[in-house]
Amino acid sequence: MAKVTMVEAVTMALAHELKNDKDVVILGEDVGINGGVFRATNGLAQTFGEDRVIDTPLAEAMIAGLTVGMATQGMKPIAEAQFMGFIYPMVEQIICHAARFRNRTRGRLTCPLVIRAPYGGGIHAPEHHSESTEAMFAHMPGIRVVIPSSPSRAYGLLLAAIRNPDPVLFLEPKRVYHLNKEEVEDDGEEYPLDMCYVLREGTDVTLVSWGAMMKETLEAADKLEAQGVSVEVIDVATISPLDMDTIHESVAKTGRCVIVQEAARHCGVASEIAANLADQGLYDLHAPVKRVTGYDTVMPLFKMEMKYMPSTARILDTVNKVLEVS
Amino acid sequence: MAKVTMVEAVTMALAHELKNDKDVVILGEDVGINGGVFRATNGLAQTFGEDRVIDTPLAEAMIAGLTVGMATQGMKPIAEAQFMGFIYPMVEQIICHAARFRNRTRGRLTCPLVIRAPYGGGIHAPEHHSESTEAMFAHMPGIRVVIPSSPSRAYGLLLAAIRNPDPVLFLEPKRVYHLNKEEVEDDGEEYPLDMCYVLREGTDVTLVSWGAMMKETLEAADKLEAQGVSVEVIDVATISPLDMDTIHESVAKTGRCVIVQEAARHCGVASEIAANLADQGLYDLHAPVKRVTGYDTVMPLFKMEMKYMPSTARILDTVNKVLEVS
Amino acid sequence: MTTVASFDINYLQYLSPNGDLVGDRKPSIASNFEHLKSIYELMVLTRTFDAKAVALQRTGKMGTYASCLGHEAVHIGIGAAMEESDVFAPMYREYGTQFYRGVKMSEVLQYWGGDERGSNFSGPQHDFPWCVPIATQCMHAAGAALSFKLRGEQRAAVSVVGDGGSSKGDFLEAINAASAFQLPMVLMIVNNQWAISVPRKKQSAGRTLAQKGVAGGLPSIQVDGNDYIAVYTAVKSALKRAKEGKGASVIEAITYRLSDHTTADDASRYRPDDELDNAKEFEPIKRMRKYLTSQGQWNEQLENQLLETCKKEVEAAVQEYLNAEPPQVTDMFDYMYAELPHDLEAQRRYAIEMEEKSNG
Amino acid sequence: MTTVASFDINYLQYLSPNGDLVGDRKPSIASNFEHLKSIYELMVLTRTFDAKAVALQRTGKMGTYASCLGHEAVHIGIGAAMEESDVFAPMYREYGTQFYRGVKMSEVLQYWGGDERGSNFSGPQHDFPWCVPIATQCMHAAGAALSFKLRGEQRAAVSVVGDGGSSKGDFLEAINAASAFQLPMVLMIVNNQWAISVPRKKQSAGRTLAQKGVAGGLPSIQVDGNDYIAVYTAVKSALKRAKEGKGASVIEAITYRLSDHTTADDASRYRPDDELDNAKEFEPIKRMRKYLTSQGQWNEQLENQLLETCKKEVEAAVQEYLNAEPPQVTDMFDYMYAELPHDLEAQRRYAIEMEEKSNG
Ligand SMILES: Cc1ncc(C[n+]2csc(CCOP(=O)(O)OP(=O)(O)O)c2C)c(N)n1
Ligand SMILES: Cc1ncc(C[n+]2csc(CCOP(=O)(O)OP(=O)(O)O)c2C)c(N)n1
Ligand SMILES: [Mg+2]
Ligand SMILES: [Mg+2]
């Protein structure tokens, strides 16, 4: 069993499905011989041929539209948006078509497609290369939004996304593409697409996050544990549909919840989680539900990007406020 | 002083600014001689000329891009998206450019533009003509999102939107375009762009909504008052930035809050409001914060649309649950 | 300066507005009267249907409806030129094509009646349903065509946009995709001179819309869209080319929207009356009838019989539409996903609960 | 079939790769040696800057950088043909154009150094900054051009896209807008044969990219993008046409990206070495030097002096870049809106608080 990084786990899952299912094709900008700008499709064109791993013209609306057209005709296309910042021309096709064909035709035409996009900041990249607008897509009925945060979850969730008979947006937190290596067996085992992962159990406070922010969240948990605070840490992983059961269960135990989100605060996924706690979870709460998020400003160019994104210090600052409440 | 409908108030505000500011131009599909498919620009091309009220080719990305280009060069363009369902090709220009030029250039180039779009369901329209995806835009830093719910607020808020030196998305709840007539003086007085409106004062429960759902919300309030419940009703009006102060103040008084939103529930604007209550407002709450929203499904074709959208009955059902809590 | 590339846009017409055959080359279909008569019958049926659909909307029995009045030749021409295994990606008014391909009139009514079941229609199951977001269907046709190509299938896709839609990026990107991937597809532009209230000349200063295909180096022509024989011939040969692996074509069919844009529109606000009157001279059904009559293939008696049959068929379709079982509140949930996600179950239960309350 | 429209795409070159003047018509600029020498100097300065910028990235003193190696003739040709009052809408590597228009080298470095202040640059204040979302800048140029037209100003806008960008809807819709509104603008395609790893031929099977302009009926030509004289002449005459109210043009400049796509790219993964070697034969600076030398206008001594000056100028710019005051955490908030909305004030305060904590 090989130790792989998250981006290698992505490649592994793609290769697995290209091999197992002849209807699977990959398309996007630079996904072919170059293997993608993050090497997520590294070697796949060479192994499976340029008919299965297709470099497209530079036009994201076109990529999305082709993908939808292919999916309705029985293919299982996996499109890549080179960066989440370039996904916006795809929005019309995603919201108007990918998310609707099954419902629109009462099941006659369906859209088993995946759109993959590296997302998030913190890699010193140019403008528009650091977006995290998952909430926009989580608001769209008819499309699943999945975000892995470790190599094994990347592998298992991507397999599930490809096999899922409905459209899935698969966001890859590129800041942690190479962070850790993990042993991941290429056994074709998929993970469920509607489940949170409790990464650490605890009784004093629940920290909820997803994607690259799991790094700071777990770091904060470490520091808190060192101070004697018992922290439960949840990786949401599937933003839509959202597994609130696991979160409610945790908060029922801890009474305190801090949600950590890289994206801007206003109308983000953290808001949805907090809103559910304000409803179904209200009587469990011993302290205000706090969100540690990006500011409601544009993600700055990279000189300031780490000041924009939630830091371990900001998480600790917030958790301490929540713990102060008696 | 004339009694006007909401759509007439929109026309009045547009005419006012076309007359007062030579940099103001209107552009969009069918906005010219035809006066727009809802007649919001009725007579304006005839009065101000086809150089001020411009029919464009059918291409929303182009309309948005032209608008951004014009705004950066000192014009004050007002673009129309014919229906909110056709705004998606504009997303890239809105999020990547309109919302960013001031910040990107440290104030050198700015984007004083307005994008108007009729939005929401309930008018028996074809597919894609009933969207309410305001939350997607409320999540974008750098653009204001404004939604009037009466003729006078349409007039005052639209004037403010046009005069605002930054981009504004102005969503017009078309279901109530013709609902009520109101006396609106064409006095050029604008309304603030960061304020909720308390439409009715009460002490038992706070109902919060915006846009066309104010109709059902006020109807529910009437019925509740008849049952002896004292209801405070708030029209949010500016979704972004959001005036939480007014909402907190109200909930501090009533201890109960129900938020009514036409859009799908997951990651909607209602979630943001509830999330704020779960944080800053937690100690004010006597009962769970409930959201009455569209389901997390695609807005159905019109045979079923009224079953999708929150009804007065659903609002009452929910408020009663909240009132039951002692 | 050296010339590195040259392009011509040609115009194809066989049947003049008077119903005379023009031009030197006469296609064989021009004397296949059995075929032409059946086409004529479908054109008249389509027009009968269309008038009835408008009436249903006017009397509150249906929602907004987009009439196809005046488009019968181009729509049915596309349908007749295609094979069943080909994929059709329409905009929203190509009923003629769809009837040819087996879609039922009652299904069209059901769709405009605000019921999703209309899009689960008869006819080729792989065909795309009506597409409201302008021009997005062109990319679906391209995606279908790419699938055929990758799978080595001898099939092609046909998309339709209007003169308005030909301005939108999706159409233009589809031309580019068709070029880059050499896709088996035909991109039709049905230029009916208006995009709601915006006249053709405001969409582009280009002499033709067909020349948009030059961007991708695609063979691009104009045809008389009121001339069934021209449309059929052009589409047929473009499809043949596509299926032989020679790539895509663009065909601009010149016709005229003889109706309002939809029943929600009032064209008298923006369209000169004389323009409409003039356009009626060129309309496709009269032309075909004149031709068939001049060839001794048609007469008043046949015409009257046909009108009678059409009326009955349409009436039967209307009854089928009106008598359909109403949809269920659960339908809203049950086709969203192959498997209903957990969090939607509660919403579904609540919808049923509220429905029961309101009924009882 | 009758022909209703015909189009030619011509190719313009004055200066052969050997530095010889070719063709029958010699533009007057070809003997304006003062001008050509100053252009040559800017080309060399730009290339010196470019090499230094790559080095800064490699040594961790700057972020990702998009090199302009090989594009000097086309970029500076655009700059020289424009007037200051015109508006320039670049993609992200047209430093040559920008230097000509007064943007400082240190500002370019600041931008790629991850600092917004670089886009608040010197040079025409109405010029657009670098634009990362491919082709979206074409619409900004069109919007600017529409403003000029509506206000009756004698100004024009120039946008640039690459061969890759020419596939994107925004470019294609901009051509359509330019046609429909007869806009005073020039749409440049800088075809450097690669879009990151995707070769030109995968973008479109069209013989040229210039022919995309035919879609809107715009005059569309190819020029040798390594030939300053050709680029200058073509852009100059297109701008003249635009400002005379005759509408927009499309110019495809054929050049070659002699570098990796950006410093984050490794072209050896996908680009054949011999292709690169071959392209170096055609590069623009050598060609111009040969021409000037053959005309007795340049020699080794001047060359050495020039290289020395360029080195110094670039070094000064680097120092200016490195010595700039660091940005403030509050900058994140203070340029978002003309007036900071209420709800952002709390966030701004918190950002300051956290900054102070982390500093002390
Ligand atoms: C993306 C998008 N924008 C706007 C509309 C609203 N709309 C519906 S039909 C139409 C005009 C279409 O004109 P054309 O393409 O010429 O087709 P026609 O209706 O004339 O057949 C418009 C603007 C839409 N459906 N989709
Ligand atoms: C909308 C969008 N999609 C993708 C990208 C990523 N990207 C940056 S440059 C580039 C290739 C551009 O190639 P081309 O247009 O030929 O210009 P060149 O870089 O060769 O000058 C790509 C795909 C982007 N910046 N914007
Ligand atoms: Mg039309
Ligand atoms: Mg290129």
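Just so it is clear, the values below take in all heavy atoms, side chains as well, and ignore hydrogens, waters and symmetry mates. So you know, we letter chains A, B, ... as the sequences are listed, proteins then strands, and number each from 1.
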Beyond-backbone contact of A/I78 with A/V25, side-chain heavy atoms, under 4.5 angstrom: no
Interatomic distance, C/F128 atom CZ to A/L109 atom CG [nearest 0.5 angstrom]: 6.5 Å
Donor-acceptor pair, side chain of A/E232 and main chain of A/S250, under 3.5 angstrom: no
Chain A contact via C/C131 - side chain, backbone, both or neither, heavy atoms under 4.5 Å: side chain
For chain A and chain C, give me every donor-acceptor pair shorter than 3.5 Å, distances to one decimal.
{"from": "A/M62", "atom 1": "N", "to": "C/E173", "atom 2": "OE1", "distance (Å)": "2.9"}
{"from": "A/Q73", "atom 1": "O", "to": "C/R151", "atom 2": "NH2", "distance (Å)": "2.3"}
{"from": "A/Q73", "atom 1": "NE2", "to": "C/H126", "atom 2": "O", "distance (Å)": "3.0"}
{"from": "A/E92", "atom 1": "OE1", "to": "C/K168", "atom 2": "NZ", "distance (Å)": "3.0"}
{"from": "A/E92", "atom 1": "OE2", "to": "C/K168", "atom 2": "NZ", "distance (Å)": "3.2"}
{"from": "A/Q93", "atom 1": "OE1", "to": "C/H140", "atom 2": "NE2", "distance (Å)": "2.7"}
{"from": "A/Q93", "atom 1": "NE2", "to": "C/T136", "atom 2": "O", "distance (Å)": "3.3"}
{"from": "A/H97", "atom 1": "NE2", "to": "C/T136", "atom 2": "OG1", "distance (Å)": "2.8"}
{"from": "A/N103", "atom 1": "N", "to": "C/Y335", "atom 2": "O", "distance (Å)": "3.2"}
{"from": "A/R108", "atom 1": "NE", "to": "C/S119", "atom 2": "O", "distance (Å)": "3.1"}
{"from": "A/R108", "atom 1": "NH1", "to": "C/Q125", "atom 2": "O", "distance (Å)": "2.6"}
{"from": "A/R108", "atom 1": "NH1", "to": "C/D127", "atom 2": "O", "distance (Å)": "2.7"}
{"from": "A/R108", "atom 1": "NH2", "to": "C/S119", "atom 2": "O", "distance (Å)": "2.9"}
{"from": "A/R108", "atom 1": "NH2", "to": "C/D127", "atom 2": "O", "distance (Å)": "3.2"}
{"from": "A/G142", "atom 1": "N", "to": "C/Y337", "atom 2": "OH", "distance (Å)": "2.9"}
{"from": "A/D166", "atom 1": "OD2", "to": "C/A338", "atom 2": "N", "distance (Å)": "2.7"}
{"from": "A/D245", "atom 1": "OD2", "to": "C/H342", "atom 2": "NE2", "distance (Å)": "2.9"}

Chain A interface, residue from C/F121, C/F148, C/F333 that has the most non-hydrogen pairs under 4.5 Å: C/F121
Atom group of A/I54 that falls short of 4.5 Å from chain C, counting heavy atoms: side chain
Side chain / backbone / both / neither for A/P165 at chain C, heavy atoms under 4.5 Å: side chain
Heavy-atom contact with chain C under 4.5 Å, split by part of A/I63: neither
Residue among C/A174, C/A144, C/G169 with most heavy-atom pairs under 4.5 Å to chain A: C/A144
Those residues that, when tested against A/K19, pass side chain to side chain donor-acceptor pair (under 3.5 Å) (two or more places apart): none
A/S149 side chain to A/G211 backbone, donor-acceptor under 3.5 Å: no
Evaluation steps, side-chain contact (heavy atoms from CB on, under 4.5 Å), between C/M105 and C/F99: CA-CA 7 Å; C/M105 289 186 284; C/F99 293 156; 3.4 Å; yes
Pairwise side-chain contact, C/P219 with C/V250, heavy-atom cut-off 4.5 Å (strictly under): no
From CD1 (A/I87) to CD (A/E134), nearest 0.5 Å: 11.0 Å
Region of C/A180 that comes under 4.5 Å of a non-hydrogen atom in chain A: side chain
Approximate separation, where rounding is to 0.5 Å, of C/M188 CE and C/I78 CD1: 4.0 Å
Chain A interface, residue from C/A157, C/A142, C/P133, C/P341 that has the most non-hydrogen pairs under 4.5 Å: C/P133
Side chains of C/I251 and C/V235 in contact at under 4.5 Å (non-hydrogen atoms): yes
Sub-4.5 Å side-chain heavy-atom contact between A/V269 and A/W210: yes
Portion of A/P167 that has a non-hydrogen atom of chain C nearer than 4.5 angstrom: neither
Part of C/V132 within contact of chain A (heavy atom distance under 4.5 Å): neither
